[in-house]
**Student:** 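One structure follows; several queries about it will come next.
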There are 2 protein chains.
Amino acid sequence: MARAGVTAERLTQAAAELADEVGFENVTVSALARRFGVTDPSLYSHIKNAQDLRMRLAALALTELADRVAAALAGRAGKDALAAFAGAYRDYAKEHPGRYAAAQIELDPESAAAGPARRHAEMTRAILRAYELQEPDQTDAVRLLHSTFHGYVSLERAGGFSHHPRDADASWSRALDALDSVLRNWPPADV
Amino acid sequence: MARAGVTAERLTQAAAELADEVGFENVTVSALARRFGVTDPSLYSHIKNAQDLRMRLAALALTELADRVAAALAGRAGKDALAAFAGAYRDYAKEHPGRYAAAQIELDPESAAAGPARRHAEMTRAILRAYELQEPDQTDAVRLLHSTFHGYVSLERAGGFSHHPRDADASWSRALDALDSVLRNWPPADV
DNA sequence: CTCGCTTACCTAGAGGTATTAAGTATTTGC
DNA sequence: GCAAATACTTAATACCTCTAGGTAAGCGAG
């Protein structure tokens with residue numbers, strides 16, 4: 001009996017493909033073992049448990065997403081950078097819905113802060129450079145941007161915009177206009 | 001053997017309590033049956049299947065959330081209304097994390113459009129009345145508001161803001177300032 | 001009041017997933 | 001070419017979902 005050559009990396013990669021095909025919630029240890037032609041318990045030599053698998057998948061997705069955003073951001077500033085970040089973010093979610101869903105799970109504090117999550121925060125701060133915001137406004141703006149991007153993509157994916165004729169792309173574009181406007185003219189507290 | 005008096009309504013209510021206690025993903029038919037002191041199959045007289053139960057729970061949560069928001073919105077306009085809506089929304093998510101998670105699942109198009117989902121859209125439009133936006137700007141603004149609220153609450157619940165000293169309440173307050181500012185001065189397309 | 005219908009609930013069981021324990025086979029390093 | 005490490009196996013437990021078929025409790029009509 002030849003070995004299947006399973007490693008944690010190949011498992012995570014396969015889990016990512018599976019997630020995009022059947023949805024994150026249907027990524028199971030069993031389905032993954034089936035895909036590799038081995039029995040379920042075989043996978044426990046490589047992963048701790050199902051939760052560990054999901055966290056590895058989340059880390060993969062966050063890293064891929066950060067790579068995309070970083071590439072899109074290169075050489076841009078101001079609204080250009082804002083649109084590039086947002087576009088890369090939204091496109092990734094559309095192309096890889098399962099991975100995007102995985103990226104939303106709460107990963108344990110240590111690995112989250114250490115790993116890819118901090119890259120996202122740093123890149124969002126990079127966008128803001130051109131807008132010249134000082135702390136704590138910068139942190140507030142990072143949170144606002146992240147919330148809007150994630151919220152929009154999240155609602156769009158859940159079908160929240162599909163029952164209305166207005167094009168989701170158009171609304172997205174206007175949302176970016178609005179964010180740019182608010183960043184250029186960041187309001188003082190309690191207007 | 002006395003009857004337990006299970007009905008679809010009591011099941012849904014219990015499922016909501018269970019969701020807040022153990023998380024939406026841990027709301028199972030078995031756990032619910034246990035809570036009512038009956039066997040698992042007994043519940044299938046009242047609900048179609050596990051998915052049906054989740055959808056009833058989602059509908060309950062959406063209705064409760066809409067009720068809260070409607071109450072908060074009464075007699076307010078402009079930024080006052082904006083803050084009231086946002087506060088009710090965020091508070092509900094904090095008090096009832098399981099129900100809030102349930103409210104995010106994709107329910108089938110018919111029941112979604114017919115039921116509570118449309119109430120949310122209508123109330124968000126009510127906020128905008130004072131800002132006097134015309135279509136399609138109004139739809140774009142509705143989507144922006146919803147995205148921001150949902151995104152912020154979602155990231156906050158996932159612990160996205162916990163690794164930074166800046167208070168999540170303060171950032172939230174500034175986000176509302178920013179949204180108010182952008183609504184009062186809605187930018188034309190492609191600034 | 002009791003007969004019979006409806007409905008709530010049960011037992012039995014099949015099928016899927018997660019996980020541990022303990023064993024066999026395969027590869028690798030010396 | 002052997003020993004140690006590791007990949008993978010079967011076996012078994014536990015939980016969850018759901019169907020089929022049966023029992024019993026409550027209710028309306030005679």
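Residue numbering restarts at 1 for every chain, and letters A, B, ... go by the order of the sequence lines.
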**Student:** Once you apply a heavy-atom cut-off of 4.0 Å, does B:Asn49 come out as touching a base, just sugar-phosphate, or nothing?
**Tutor:**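 Since only primed, P, OP1 and OP2 atoms lie under 4.0 Å of B:Asn49, the category is sugar-phosphate.
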**Student:** Mind calculating the distance between CG (A:Leu32) and P (C:dA18) to the nearest angstrom?
**Tutor:**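 That distance rounds to 10 Å.
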**Student:** Identify which nucleotide among D:dC8, D:dT17, C:dC9 has an atom closest to any side-chain atom of B:Ser42, counting heavy atoms from C-beta outward.
**Tutor:**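 Minimum distance to the B:Ser42 side chain belongs to C:dC9.
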**Student:** What integer distance in Å separates B:Phe36:CZ from C:dC9:P?
**Tutor:**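 My rounded result for the distance is 10 Å.
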**Student:** With a cut-off of less than 4.0 Å, is there a side-chain N or O of B:Arg34 near OP1 or OP2 of D:dC16?
**Tutor:**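 Checking D:dC16 against B:Arg34, a side-chain N or O does come within under 4.0 Å of OP1 or OP2.
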**Student:** For the pair made of CG in A:Asp52 and C1' in C:dT20, what is the distance, rounded to whole Å?
**Tutor:**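 Taking CG of A:Asp52 and C1' of C:dT20, I get 16 Å after rounding.
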**Student:** Give a yes/no verdict on a cation-pi contact between A:Arg143 and B:Phe161, requiring under 6.0 Å between NZ or CZ and the six-membered ring centre and an angle within 45° of the axis.
**Tutor:**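 Pair A:Arg143/B:Phe161 counts as cation-pi.
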**Student:** Please confirm whether the shortest side-chain N or O distance from B:His46 to OP1 or OP2 of C:dC9 is below 4.0 Å.
**Tutor:**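 Looking at the OP1 and OP2 atoms of C:dC9, one of them is under 4.0 Å from a side-chain N or O of B:His46.
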**Student:** Atom CG of B:Leu43 and atom P of D:dT17: how far apart are they, to the nearest Å?
**Tutor:**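 About 10 Å, once rounded to whole Å.
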**Student:** Ring centroids only, cut at 6.0 angstrom: are B:Tyr100 and B:Phe24 within range, meaning strictly under it?
**Tutor:**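 For B:Tyr100 and B:Phe24, the ring centres are not under 6.0 Å apart.
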**Student:** Just checking B:Trp186 against B:Tyr131, ring centres under 6.0 Å apart?
**Tutor:**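 Not under 6.0 Å, so no.
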**Student:** So A:Thr28, base contact, sugar-phosphate only, or nothing? Heavy-atom distance under 4.0 Å.
**Tutor:**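 Since only primed, P, OP1 and OP2 atoms lie under 4.0 Å of A:Thr28, the category is sugar-phosphate.
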**Student:** Checking the side chain of B:Ser171 only, and the main-chain atoms of B:Ala168 only, is there a donor and an acceptor separated by less than 3.5 Å?
**Tutor:**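 Absent.
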**Student:** Give the rounded distance in Å between these two atoms: CG of A:Asp40 and P of D:dA11.
**Tutor:**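 Distance check: A:Asp40 CG to D:dA11 P gives 15 Å.
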**Student:** In terms of side-chain heavy atoms of B:Ala50, which of C:dA18, D:dC8, D:dT17 is nearest?
**Tutor:**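 The nucleotide sitting nearest to the side chain is D:dT17.
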**Student:** Are the charged groups of A:Asp40 and A:Arg34 less than 4.0 angstrom apart, N to O?
**Tutor:**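 Salt bridge absent between A:Asp40 and A:Arg34.
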**Student:** Separation of B:Glu25 atom CD from C:dA18 atom P, in whole Å?
**Tutor:**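 It works out to 14 Å between those atoms.
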**Student:** Quick one: pull up CG in A:Leu176 and OG in A:Ser181 and give me the separation to the nearest 0.5 Å.
**Tutor:**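 It comes to 12.0 Å.
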**Student:** Rounded to whole angstrom units, what separation is found between the OH atom of A:Tyr44 and the P atom of C:dT17?
**Tutor:**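 Interatomic distance, OH of A:Tyr44 to P of C:dT17: 11 Å.
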**Student:** What is the distance, to the nearest angstrom, from the CD1 atom on A:Ile47 to the P atom on C:dT19?
**Tutor:**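 In whole Å, C:dT19 P lies 8 Å from A:Ile47 CD1.
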**Student:** Rounded to the nearest 0.5 Å, how far apart are CG of A:Leu32 and OG of A:Ser42?
**Tutor:**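 The distance works out to 11.5 Å.
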**Student:** Can you see if the side chain of B:Thr39 gets near the phosphate of C:dC10 - specifically, an N or O under 4.0 Å from OP1 or OP2?
**Tutor:**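 Yes, B:Thr39 has a side-chain N/O under 4.0 Å of OP1/OP2 on C:dC10.
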**Student:** With rounding to the nearest 0.5 Å, note down the distance linking CG in B:Leu60 to CZ in B:Arg99.
**Tutor:**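 Result: 6.0 Å between the selected atoms.
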**Student:** Would you mind telling me which residue lines up with the more 5' stretch of DNA chain C, A:Pro41 or A:Ala31, judged by nearest nucleotide?
**Tutor:**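 Its nearest nucleotide lies further toward 5', so the answer is A:Ala31.
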**Student:** Please tell me which of the listed nucleotides, D:dT17, D:dT9, C:dC10, lies nearest to the side chain of B:Val29?
**Tutor:**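 The nucleotide sitting nearest to the side chain is D:dT17.
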**Student:** Roughly how bent is the helix from C:dC1-D:dG30 to C:dC30-D:dG1 end to end, in steps of 10 degrees, with each end axis from five pairs?
**Tutor:**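 Rounded to the nearest 10 degrees, the bend comes out at 0°.
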**Student:** Determine the contact category for A:Ser45: base if any of its heavy atoms lies under 4.0 Å from a base atom, sugar-phosphate if only primed atoms, P, OP1 or OP2 are that close, otherwise nothing.
**Tutor:**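 The residue A:Ser45 makes base contact.
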